[in-house]
2 protein chains.
Amino acid sequence: MRTSPSLTSAQLAGAPLPSPPSSLPDYVADQLRAAILGGHVAAGTPLRQEDIAKQLGASRPPVREALRLLEGEGLVELRPRRGYVVASLNMTEVAEIFDIRERLEEHAAELAALRRTRKDVSEVAALLTRMEALDESELGLFAAANHAFHTRIFQVADRPRLLRMMLSLRETVERYIRLGGALSADMPTVRDEHRAIFAAFEAGDSVTLGRLSRAHVAGTGHRLLAALAAREQSHAG
Amino acid sequence: MRTSPSLTSAQLAGAPLPSPPSSLPDYVADQLRAAILGGHVAAGTPLRQEDIAKQLGASRPPVREALRLLEGEGLVELRPRRGYVVASLNMTEVAEIFDIRERLEEHAAELAALRRTRKDVSEVAALLTRMEALDESELGLFAAANHAFHTRIFQVADRPRLLRMMLSLRETVERYIRLGGALSADMPTVRDEHRAIFAAFEAGDSVTLGRLSRAHVAGTGHRLLAALAAREQSHAG
DNA sequence: AAACAGAATATTGAAGACAATCCTGTCCGG
DNA sequence: CCGGACAGGATTGTCTTCAATATTCTGTTT
């Protein structure tokens with residue numbers, strides 16, 4: 001038995017090597033990212049290189065490279081000579097990220113509204129339909145559908161770097177969203193917002209889509225921060 | 001003689017180990033970053049791990065970690081099985097970055113105007129004075145002073161992540177700015193913009209400072225893109 | 001003479017081993 | 001009984017070595 005649990009095998013699921021994503025460090029990074037974003041490893045959890053290497057059937061050097069990669073993404077932190085730990089965000093940092101996302105997603109949405117094609121609209125419509133078919137009992141699936149819906153719209157903007165930045169920021173706060181249950185809260189509101197967003201996208205109304213997208217991010221942020229505040233309150237002491 | 005020059009010793013200056021920045025990979029990353037941003041290595045230059053390791057007195061594993069770090073920053077690209085090369089940006093990508101910077105810097109400027117203290121104002125004033133004391137003959141010093149001036153203002157916003165993102169984007173296009181000579185072009189305009197920015201900052205006029213900052217970024221972007229276009233024109237064939 | 005195929009070389013990708021450092025537990029002293 | 005110092009163990013940081021693959025050169029063939 002360990003006194004300070006670092007990472008159990010059950011948290012790193014998946015076959016040993018289903019399809020090597022070009023390189024071993026990338027594969028390791030993918031697995032770790034999924035484990036962290038899936039909320040299977042709590043913030044502050046120390047990431048022992050030896051354990052990870054053994055569980056993924058690799059050696060330590062590739063694991064180190066993967067951790068460097070994740071460090072750049074802000075998912076893990078390096079304490080010199082003390083190893084890597086899963087990065088933790090306080091409420092101030094979460095708020096800052098949502099604040100940035102507001103600006104970025106508003107901009108991307110504006111561009112998307114101007115560049116949309118019929119094909120884009122029909123695909124986004126399909127994603128919206130798929131998302132609305134899910135009820136609150138399938139939160140995992142709903143989160144995935146939600147992600148696909150928004151990402152598909154942003155892809156229309158055709159700004160690779162902007163998209164990468166938005167996704168990275170989103171990923172960073174994603175696990176908190178699930179933790180705080182901010183998605184399930186106020187489901188009808190979220191549904192209405194999605195419909196309005198789609199309508200503006202379909203209509204090609206740039207400023208409206210931008211405004212709605214920004215408000216949507218802000219709303220999610222507020223719900224999450226409220227949930228985190230409540231959580232912190234109950235964990236006080 | 002090499003047929004395809006990768007990286008000469010002269011391009012990686014500096015003492016072997018002046019002050020170890022906590023870890024060897026970080027040190028290597030710092031050196032490489034400086035070499036790339038300084039414009040000493042052209043875009044597309046292959047980065048041979050063995051050469052870098054030898055020149056910096058390290059081994060290959062730390063170099064690999066450093067390259068992974070830089071990969072996350074977008075300064076180098078990894079071609080699987082073919083090694084790392086200095087990342088190159090086409091004009092579309094440069095334009096995209098400036099477009100993002102407009103939104104980010106506008107936001108940061110707005111926040112800075114609201115949070116400024118007397119101390120902040122006096123320090124920024126000093127930086128402005130220092131910058132104006134330099135003439136066009138000292139472009140390197142001017143660029144540094146310019147960087148310090150804007151960064152100091154953005155620091156007032158007290159948004160660490162936002163600041164990091166802005167600096168990272170700025171760094172990515174920095175070497176093109178020097179290459180294109182976009183800084184020297186239209187020096188009087190730049191000077192006026194800086195004065196207006198300082199005035200709004202001093203006055204605490206949030207929306208004006210935001211608008212001016214955004215326009216300043218846009219102006220720099222336009223000048224740079226024009227310079228790059230001209231350059232491309234002359235290099236045609 | 002040019003194009004293709006094969007081999008040799010060079011470079012990346014990965015693994016194992018060694019050294020340095022930090023943490024944990026215990027023992028001793030106040 | 002509590003606090004500090006020391007020793008043992010564990011973990012990180014780095015190096016050396018080995019394997020796999022892409023590139024390039026050369027030789028041959030058409």
Side-chain angles (χ1 to χ4, degrees), chain A residues 1-9 12 16-32 41 44-72 75-87, chain B residues 1-9 12 16-32 41 44-72 75-87:
Chain A
M1 276 299 172
R2 267 206 162 72
T3 49
S4 75
S6 66
L7 196 65
T8 68
S9 342
L12 284 178
L17 269 167
S19 65
S22 76
S23 92
L24 201 44
D26 289 335
Y27 166 74
V28 174
D30 287 347
Q31 294 295 312
L32 285 175
V41 286
T45 305
L47 298 169
R48 302 265 184 274
Q49 304 174 2
E50 184 72 40
D51 295 354
I52 297 170
K54 199 174 295 178
Q55 289 172 28
L56 263 48
S59 187
R60 274 183 53 219
V63 171
R64 288 181 65 86
E65 281 187 43
L67 289 169
R68 282 284 181 187
L69 215 54
L70 264 47
E71 181 187 2
L75 285 180
V76 303
E77 284 174 18
L78 173 61
R79 319 274 179 85
R81 277 284 163 198
R82 306 216 13 207
Y84 290 88
V85 297
V86 177
Chain B
M1 275 295 182
R2 267 208 162 72
T3 49
S4 74
S6 66
L7 196 66
T8 68
S9 345
L12 284 177
L17 268 166
S19 67
S22 76
S23 90
L24 202 44
D26 289 335
Y27 167 73
V28 173
D30 287 347
Q31 293 296 312
L32 285 175
V41 285
T45 305
L47 298 168
R48 297 280 143 68
Q49 303 174 3
E50 184 71 41
D51 295 353
I52 298 169
K54 198 174 296 179
Q55 288 173 29
L56 264 48
S59 186
R60 274 182 54 218
V63 172
R64 290 179 65 86
E65 282 187 40
L67 289 170
R68 281 284 180 189
L69 215 56
L70 264 45
E71 181 187 2
L75 285 180
V76 303
E77 284 174 16
L78 174 61
R79 319 272 178 84
R81 278 284 163 197
R82 305 215 15 204
Y84 289 88
V85 296
V86 177

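Letters A, B, ... are given to chains in the order of the sequence lines, protein chains preceding strands, and every chain is numbered from 1.
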Grab the CD-C1' distance between A/Glu50 and C/dC22 for me, whole Å please. 17 Å

Length of the CG-P vector between B/Leu56 and D/dC15, whole Å: 11 Å

Using whole Å, report how far CG of B/Leu67 lies from C1' of C/dT12. 12 Å

Basic-acidic side-chain contact under 4.0 Å: A/Arg68, A/Glu71: yes

What are the two closest non-hydrogen atoms of A/Val28 and A/Ala66, and how far apart are they? CG1-CB, 3.6 Å

If I take atom CD from residue B/Glu65 and atom CZ from residue B/Arg60, how far apart are they, to the nearest 0.5 angstrom? 13.0 Å

Give the rounded distance in Å between these two atoms: CD of A/Glu71 and C1' of D/dT12. 14 Å

The reported gap from OG in A/Ser59 to CD in A/Glu50 (rounded to nearest 0.5 angstrom) is 8.0 Å

Please check the phosphate of D/dT23 (OP1 and OP2 only) for any side-chain N or O of B/Arg82 closer than 4.0 Å. yes

With B for base contact, S for sugar-phosphate-only contact and - for none (protein heavy atoms under 4.0 Å), nucleotides 14-21 of chain C reads SBB---BS

Is the shortest heavy-atom distance from the side chain of A/Leu78 to the side chain of A/Leu67 under 4.5 Å? no

Rounded to the nearest angstrom, tell me the gap between atom CG in B/Asp51 and atom C1' in C/dA10. 11 Å

Figure out the CZ/P separation between B/Arg79 and C/dG13, and round it to whole Å. 13 Å

Return the value, rounded to whole Å, for the distance between atom CG of A/Asp26 and atom C1' of C/dT12. 14 Å

Of the non-hydrogen atoms in B/Leu70 and B/Ala29, which two are nearest, and what is the gap between them? CD1-CB, 3.7 Å

Atom CD of A/Gln49 to atom P of D/dA10: distance rounded to whole Å? 17 Å

